[in-house]
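Report on the structure given below.
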Amino acid sequence: VCNQHEDPASATKCANEMVEKKVAVVAVPMTSQGAVMLPIVARAGIPYVSQAPVSAVEMGAPGGYMLSGGTVAVLNGQAQTAAKEGVKKFTILIGDSGDAAASVGQMAQAFFKPAGIDVKVVTIPSNVADPTPQISAGLADKPDAVTVLGDSRQCVSSLKALKTAAPQVKKYLIASCLDKTVTDNVGTDAVEGAKSFTTVITTGDDPTVVRYRSVLAKYSPDVDPNGLAYLGYQVISSIGEVGKSLPAGPITAKQYTDALRAAQNVPVPAAPGLTFTCNGKAFPKAPNLCSKSILVSEVGADGKLSNSTVVN
């Protein structure tokens, strides 16, 4: 285990340490430093497995394997859902850090335009405590639905602003906007009635979901299962599932890579109905994605998800 601190220096140190130790696979729940780490471990022939891509490098550079489609899966799922619900105008709220807004805007057009939906990206300055004026201006054309793509901090500020700027607008929310830290700040009424787009289900009696909650309760009782702990759980559990096809004892990076590439339709832990296949065909424009499927659910008054369906 190597704890990098989401900066290039510590990420480089960790990646080099993994190479020096000749590990068979590198597991990264999710990081902003994938563009730093992946090339280092891949040059050594070590597979880099993450829950979802954050950078363009993680989407396409050789040696990377993303169990879910990240933003690609979210936008694909939201576009298909919006089309079914008769949405004609859709707005994406996103922070202004890096080139995320530009890349999301390009991807959004690719998914929403064929569905006959006008999509607009509204960039929210990250240094603004109350983005209500920017969001109000961005919603001047009265969209039918809105999504927030960002971390929990941005979800809090955006959902608070939406209460004032557009209390009735339909909300399409990702996992970070359903985190307990968010609902504690904005109230569950801010997310009630929304559609969620996630790669995890944390409530209900599906055996893999029950197992996820049980593992957290036993080993990390202070961690909220409705938060982002699933990122690490899904990566580690999936690596173990793929590894079942390998012989007992030490293995090489090549052995694990071959097993990963050969695995077909492996169930994603705590995500009933989702599977991954790392053969580069899930979304050929981003060959590292092992799936572009997502779970679309209804958010209840208690913040819990129900009536989940898989969108491919």
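Quick caveat: nothing in here was measured; it's all calculated off a predicted structure.
With hydrogens and angles disregarded, a donor-acceptor distance shorter than 3.5 Å links the side chain of Thr277 to the backbone of Asn265. Side-chain atoms of Thr188 come within 3.5 Å of backbone N or O of Ala301 as a donor-acceptor pair. Proximity of a side-chain donor or acceptor of Tyr256 to a complementary backbone N or O of Ile239 within less than 3.5 Å is detected. In terms of modelled atom types and a separation under 3.5 Å, the side chain of Ser157 and the main chain of Gln154 share a donor-acceptor contact. Formation of a donor-acceptor pair under 3.5 Å by the Lys195 side chain with backbone atoms of Lys171 is not found in this model. In this structure, Ser196 contributes its side chain and Thr198 its backbone to no donor-acceptor pair below 3.5 Å. A side-chain donor-acceptor contact under 3.5 Å links Asn288 to the backbone of Ala61. A donor-acceptor pair under 3.5 Å links the side-chain atoms of Glu6 to the main chain of Ser32, judged by distance alone. With hydrogens and angles ignored, the 3.5 Å screen pairs a side-chain donor or acceptor of Lys120 with a backbone N or O of Gly138. Thr183 contributes a side-chain N or O that, together with a main-chain N or O of Lys180, makes up a donor-acceptor pair within less than 3.5 Å.
Taking 4.0 Å as the cut-off between side-chain N and carboxylate O, Lys113 and Asp118 do not count as a salt-bridged pair.
Closest of all the heavy-atom pairs between Pro269 and Ser238 is CD-OG, 3.3 Å. Between Asp144 and Lys88, the shortest heavy-atom distance links the atoms OD2-N, 2.8 Å. Taking each heavy atom of Ala83 and Ile117 in turn, the nearest pair found is N-CD1, 3.6 Å. Across every non-hydrogen atom of Gly45 and Ala253, the tightest pair is O-CB, 3.4 Å. Here the closest heavy-atom approach between residue Asn185 and residue Lys160 is recorded as O-CE, 3.7 Å. The minimum heavy-atom distance linking Thr147 with Leu149 is given by the pair OG1-CD2, 3.9 Å.
Leu67 and Val310 fall within the same hydrophobic cluster, defined by Ile, Leu, Val, Met, Phe, Trp and Tyr side-chain heavy atoms under 4.5 Å apart, directly or through other members. With hydrophobic clusters built from ILVMFWY side chains whose heavy atoms lie under 4.5 angstrom apart, Ile236 does not share a cluster with Tyr219. Residue Val215 is not grouped with residue Ile201 when hydrophobic side chains (ILVMFWY) are merged at heavy-atom distances under 4.5 angstrom, including chains of intermediate members. Linking ILVMFWY residues whenever their side-chain heavy atoms come closer than 4.5 Å, directly or via other members, places Met66 and Ile40 in the same cluster. By the criterion of side-chain heavy atoms lying less than 4.5 angstrom apart, applied directly or through intervening Ile, Leu, Val, Met, Phe, Trp or Tyr residues, Met30 is not grouped with Met37; the two fall into different hydrophobic clusters.
Ring centroids of Tyr230 and Tyr212 are separated by 6.0 Å or more, keeping the two rings apart. Here Tyr65 and Phe276 keep their ring centres 6.0 angstrom or further from each other.
A donor and an acceptor atom, one from each side chain of Thr208 and Asp206, are located under 3.5 Å apart. With hydrogens and angles left out, the side-chain atoms of Gln264 and Thr275 include no donor and acceptor closer than 3.5 Å. A donor and an acceptor atom, one from each side chain of Ser176 and Asp151, are nowhere located under 3.5 Å apart. Neither side chain, Gln80 nor Gln78, offers a donor N or O lying under 3.5 Å from an acceptor on the other. For the residue pair Glu58 / Ser55, a side-chain donor-acceptor distance below 3.5 Å is found, with atom types taken as modelled. Side chains of Glu85 and Tyr172: a donor on one and an acceptor on the other come within 3.5 Å. Asn226 and Thr202 share a side-chain donor-acceptor pair at under 3.5 Å. A donor-acceptor pair shorter than 3.5 Å can be found between the side chains of Ser308 and Ser297.
Within the 4.5 Å cutoff, side-chain heavy atoms of Val72 are placed close to those of Met59. Taking the side chain as every heavy atom from C-beta outward, Cys14 and Asn16 never approach each other to under 4.5 Å. Tyr233 places none of its side-chain heavy atoms less than 4.5 Å from the side chain of Val200.
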Test log, rule side-chain contact (heavy atoms from CB on, under 4.5 Å), inputs Val49 and Val28:
CA-CA 6 Å; Val49 181; Val28 184; over 6 Å; no
Derivation of the side-chain contact (heavy atoms from CB on, under 4.5 Å) call for Val25 and Tyr48:
CA-CA 6 Å; Val25 57; Tyr48 170 104; over 6 Å; no
Could you walk me through whether Ser293 and Asn312 satisfy the side chain to side chain donor-acceptor pair (under 3.5 Å) test, starting with their C-alpha distance in whole Å, then the side-chain angles of each, then the deciding distance to 0.1 Å, before giving a yes or no?
CA-CA 4 Å; Ser293 302; Asn312 294 306; 2.5 Å; yes
Assess the residue pair Thr199 and Gln51 against the criterion (side chain to side chain donor-acceptor pair (under 3.5 Å)); give the C-alpha distance rounded to whole Å, side-chain angles, the decisive distance to 0.1 Å, and a yes or no.
CA-CA 9 Å; Thr199 53; Gln51 201 276 344; 2.9 Å; yes
Walk me through it: do Leu173 and Val191 pass the test side-chain contact (heavy atoms from CB on, under 4.5 Å)?
CA-CA 8 Å; Leu173 302 177; Val191 300; 3.6 Å; yes
How far apart are the C-alpha atoms of Asp184 and Thr181, what are their side-chain angles, what is the distance that settles it, and do they pass the side chain to side chain donor-acceptor pair (under 3.5 Å) test?
CA-CA 5 Å; Asp184 283 350; Thr181 58; over 6 Å; no
Full working for side-chain contact (heavy atoms from CB on, under 4.5 Å) between Val23 and Ile46:
CA-CA 7 Å; Val23 301; Ile46 301 170; 4.0 Å; yes
